[in-house]
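Inspection log for the structure reproduced underneath, given as structure tokens.
Below, all heavy atoms of this structure are taken into account, side chains as well, without hydrogens, waters or symmetry copies. Chain letters run A, B, ... following the sequence lines, proteins first, then strands; residues in each count from 1.
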Protein chains: 2
Amino acid sequence: MKLQVYTEPPLSVAEQVLREAFSKKRFVTMLCRCSVVYEGRSATILGEGDRLVIVKPDGAVLVHRPRGYSPVNWQPDSQVLEARLDEQDVLVVRSVRAKPREVLEARISRVYLITIAEGMEDHAEFQELMDEAEIRDVLASHPDLIEPGLRVVRVEKRMGRSGYADIYAVDSEGRHVIIEVKRVTAGREAVEQLKRYVDTWRRENPGAPVRGILAAPSITEPAARLLREYGLEFKRIDLKQVRSIASRERRASKQPSLLSFVGRRGEGAQ
Amino acid sequence: MKLQVYTEPPLSVAEQVLREAFSKKRFVTMLCRCSVVYEGRSATILGEGDRLVIVKPDGAVLVHRPRGYSPVNWQPDSQVLEARLDEQDVLVVRSVRAKPREVLEARISRVYLITIAEGMEDHAEFQELMDEAEIRDVLASHPDLIEPGLRVVRVEKRMGRSGYADIYAVDSEGRHVIIEVKRVTAGREAVEQLKRYVDTWRRENPGAPVRGILAAPSITEPAARLLREYGLEFKRIDLKQVRSIASRERRASKQPSLLSFVGRRGEGAQ
DNA sequence: GCCTACATGTCGACA
DNA sequence: TGTCGACGTGTAGGC
């Protein structure tokens, strides 16, 4: 990786440096004093202050204030990147995104530092464990975790136009069961989602008995109330248990090497 | 703002620099080669590659890959920040968040650049224009945009436990009208939200006629179908019109200076 | 390209 | 603190 560093460059120098960096699609970070104007789906104005501005090779732009996780302004990607000196000796960095049409402008009055990185190498795989799909798969292959005697018919079953039911099964008494899985506390929205699937199923299978089960580590009180109102059911999922099954089955089937990383420290979220 | 820049520091130097920066709550950016392990609400593993690591004074941590808007790993805030040299001469940066308990570890094999910023000054106001609240207020003060003869009774009316209806009004025939406002294309979720409010209202006012109107710039086909099914209505909102009214009224009432920024360039979304 | 649902979503407001 | 809803949500996946 090659790196260029410019400390306190005059704005005219910064302008040239940024232009070249943008055209050559470098990875740019800039500590500067700037104000920001954005207009697109919404519109925002941010007064002057010290910020970190990041411009990535793919045109992603991030403006970070000294605090917080979220960028105050950004562009997920941009097609046009410009740097120019304004009439009043302000360095204007302008980023335009085509669809939706969005414009972001940082008006920079002072540059503390610019770094230009060329040839950042990053081809590593990103592995996510315990996302909803994995929980769903564990439950599908161990339906007893939900209810004894449950027989899984299908995972990710399309429910007409309503979307996909996570698990579609038949219970010990032959009733159809639609199961919606959530990896976090289920709120009202999860209940509505399950309700939609059950309604769709009922419409397409008039008269046939069907149950709806919301499977999640927990549920909010209002959501539980709504669930009862709709005649649906809740099944608490023990994430620890699911985790241990998932990691065991991953160990048995997939890349055992990577997994050794996990579980070495920390005992997981409570 | 005071700035320290370290180019290609040995890991032992980087360790000391980071420790001091963390303890003194500096704003840190680091270009480095690292792998990342995260465990908390979920768990992830990221192999080695060149990344930008940001640590903010409040403990926010961001790890950015060369592409894309989203950080690949992060910590919205953290209570514990450590830097230490591992047995195998790897610089480990560990960030622990208390609630929920989440741990992020970057294992750094090489440091290209560290910058430590002290005293970043950023007290500027962030102004958002045309968020849902502003659209709602414009519609509330100009109900004719929704329907002639509409009389607004209340804005942000609490609907039992269901949440808040954006606008609560009475139409020209004396029927109650519940209006849900959306800033963007309304999907199924918006329809269900409105339905919930209308249902709640009906339960608390049995027999009284009530209408539900979804006011949005557009609506997805499935959502429109669902809306009809529920006996609710859709009213298309002309964002341009709302925008011009909002900016006119802002100009008349509030800070006219800031507003001069907006509208100078760009003609709005798409 | 539309639509749906997930996300370590984050964040703010309010009961 | 719990719960809810907005967000310029971003992002992946299906059709």
Discussion item. I want to confirm an ordering. Mapping A:Gly163 and A:Arg183 to their closest nucleotides on DNA chain C, which one lands closer to the 5' end?
Written reply: A:Gly163

Atom [atom1] of [X] to atom [atom2] of [N]: distance rounded to whole Å?
X	N	atom1	atom2	result
A:Glu128	C:dG9	CD	P	10 Å
A:Glu39	D:dG8	CD	C1'	11 Å
B:Arg97	C:dT10	CZ	C1'	9 Å
A:Glu134	C:dC6	CD	C1'	15 Å
B:Glu189	D:dA6	CD	P	8 Å
A:Lys99	D:dG10	NZ	C1'	16 Å
B:Arg136	D:dG5	CZ	P	14 Å
B:Asp77	C:dT10	CG	P	9 Å

Residues [X] and [Y] bridged, charged N to O under 4.0 Å:
X	Y	answer
A:Glu39	B:Arg243	yes
A:Glu229	A:Arg225	no
A:Glu192	B:Arg196	yes

Worksheet item: DNA chain D: A:Arg158 or A:Thr185, which has the more 5' nearest nucleotide?
Response: A:Thr185

Practice prompt. Select from B:Val184 and B:Gln193 the residue whose nearest nucleotide in DNA chain D is closer to the 5' end of that strand.
Written response: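 Whichever sits nearer the 5' end wins; that is B:Gln193.
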
Of the options [options], whose atoms approach the side-chain atoms of [X] most closely?
X	options	value
A:Pro222	D:dC15, D:dC4, C:dT4	D:dC4
A:Phe126	D:dG10, C:dT8, D:dC15	C:dT8
B:Glu132	D:dC7, C:dG9, C:dT8	D:dC7
B:Lys182	C:dG9, D:dA6, C:dG1	D:dA6

Can you find a side chain N or O atom of [X] that sits less than 4.0 Å from OP1 or OP2 on [N]?
X	N	answer
B:Arg41	C:dG9	yes
B:Arg188	C:dT4	yes
A:Tyr197	C:dT4	no

Worksheet item: Pick one: which of A:Arg158, A:Met159, A:Lys157 meets side-chain contact (heavy atoms from CB on, under 4.5 Å) with A:Tyr197?
Response: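 The option that passes is A:Met159.
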
Worksheet item: For the side-chain contact (heavy atoms from CB on, under 4.5 Å) test, which of B:Thr44, B:Val36, B:Leu46 pairs with B:Val72?
Response: B:Leu46

Worksheet entry | B:Tyr38 ring over C:dT8 six-membered base ring, under 5.5 Å and 30° |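 Aromatic stack with C:dT8 present for B:Tyr38.
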
Discussion item. Quick test of your reading: applying ring-ring contact (aromatic ring centres under 6.0 Å, His included), list the pairs with at least one residue in residues 37-67 of chain B, sequence neighbours left out, ordered by first then second residue.
Written reply: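 Listed once each, the pairs would be none.
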
Worksheet item: Would you say the side-chain atoms of B:Glu102 pair up with the backbone N or O of B:Arg41, donor to acceptor, closer than 3.5 Å?
Response: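 Yes; at least one donor-acceptor contact below 3.5 Å.
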
Worksheet item: Would B:Tyr69 and A:Leu62 count as a side-chain contact (heavy atoms from CB on, under 4.5 Å) if you check the C-alpha gap in whole Å, the side-chain angles of each, and the deciding distance to 0.1 Å?
Response: CA-CA 7 Å; B:Tyr69 158 86; A:Leu62 303 160; 3.6 Å; yes

Fill in: B:Lys25, NZ: over 12 other non-hydrogen atoms inside 6.0 angstrom
no

Worksheet entry | Consecutive-pair stems (3 or more, Watson-Crick or G-U, under 3.5 Å) for DNA chain C |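 Runs of three or more consecutive pairs: C:1-7 with D:9-15, C:9-15 with D:1-7.
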
Practice prompt. List the atom of A:Lys56, the atom of A:Phe27, and the distance in Å for their closest heavy-atom pair.
Written response: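 Between these two residues, the closest heavy atoms are CG-CE1, 3.8 Å.
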
Fill in: Sugar-phosphate, base or nothing in reach of A:Glu180, heavy atoms under 4.0 Å
sugar-phosphate

Worksheet item: A:Arg196 near the nucleic acid: base, sugar-phosphate alone, or nothing, with a heavy-atom cut-off under 4.0 Å?
Response: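 Touches sugar-phosphate only.
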
Discussion item. Can you check the distance between C:dA5 and D:dG8, where both ends of the measurement are the P atom (answer in whole Å)?
Written reply: 23 Å

Worksheet entry | Donor-acceptor side-chain pairing of A:His142 and A:Glu249 below 3.5 angstrom |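 Yes, side-chain donor-acceptor contact under 3.5 Å.
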
Item to complete: With a 4.0 Å heavy-atom cut-off, tell me which residues in residues 65-76 of chain A come close to DNA chain D, sorted by residue number.
Response: A:Asn73, A:Trp74, A:Gln75, A:Pro76

